[in-house]
Amino acid sequence: GNSVTQMEGPVTLSEEAFLTINCTYTATGYPSLFWYVQYPGEGLQLLLKATKADDKGSNKGFEATYRKETTSFHLEKGSVQVSDSAVYFCARMDTGRRALTFGSGTRLQVQP
Amino acid sequence: DTEVTQTPKHLVMGMTNKKSLKCEQHMGHRAMYWYKQKAKKPPELMFVYSYEKLSINESVPSRFSPECPNSSLLNLHLHALQPEDSALYLCASSQESSGRRSDTQYFGPGTRLTVL
């Protein structure tokens, strides 16, 4: 079936470090891909999205590129802040479906 | 504005109680969703409404009863819940465009439900 796999967490970084959170998806169909962020005690916020191959989503210094050849949508940020500490979910939505399929989530902890 | 609001923020109920969760959006979206999120897990889809009609029910027990009174509101009625139903309940909405590309879902802050 259609699935999303994320790297296990927690990821612990120092402030201003470079961040990569890996996300891969099964190569069925042409899904739209999303990154959502969940801060402690809150709901999910859309961070960025890409709807077709080679699209790059970006927001608040975060970027992810839809790579069809590697079936990946890795999240990157050049310099993380303490305020970026949260759980990050990679998700896909397949054309004609309404359900988001989420990865397991990756907790990011940024230390001052 | 991409705001989805949910009330209450927290809810504690006994197994014999009846309560309702409420969700509202004013973005003109015509699809609305309920998700359930257990601790340290991703959200799981429960229900989808499209143009105020139930279009997806992911085999959710009948003690959860959704209702969509109009295009801006979505309710989840709760009755005779079990302690294992304790979770964060998230509402989301999206446009229901006729194009083939899937629409972005925007989430509310959630209701944290505890069943005693």
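Each chain gets a letter, A, B and so on, in the order its sequence line appears, and its residues count up from 1. Side-chain atoms are counted along with the backbone in the values below, which use heavy atoms only and exclude waters and symmetry mates.
The minimum heavy-atom distance linking L74(B) with C91(B) is given by the pair CD2-SG, 4.1 Å.
With hydrogens and angles left out, the side-chain atoms of S20(B) and H77(B) include a donor and acceptor closer than 3.5 Å.
The ring of F62(A) has its center closer than 6.0 angstrom to the ring center of Y88(A).
For a residue to count as touching a neighbouring chain, one of its non-hydrogen atoms must lie under 4.5 Å from one of that chain's; by this rule Q45(A) does not touch chain B. For Q37(B), the part sitting under 4.5 Å from any heavy atom of chain A is the side chain, from C-beta outward, and nothing else. Both the backbone and the side chain of L100(A) come within less than 4.5 Å of a heavy atom in chain B.
At a threshold of 4.0 Å, the pair R92(A)-D94(A) counts as salt-bridged, since one of the basic side-chain nitrogens sits closer than that to a carboxylate oxygen.
No other option in S50(B), A92(B), S94(B) has as many heavy-atom pairs under 4.5 Å with chain A as S50(B).
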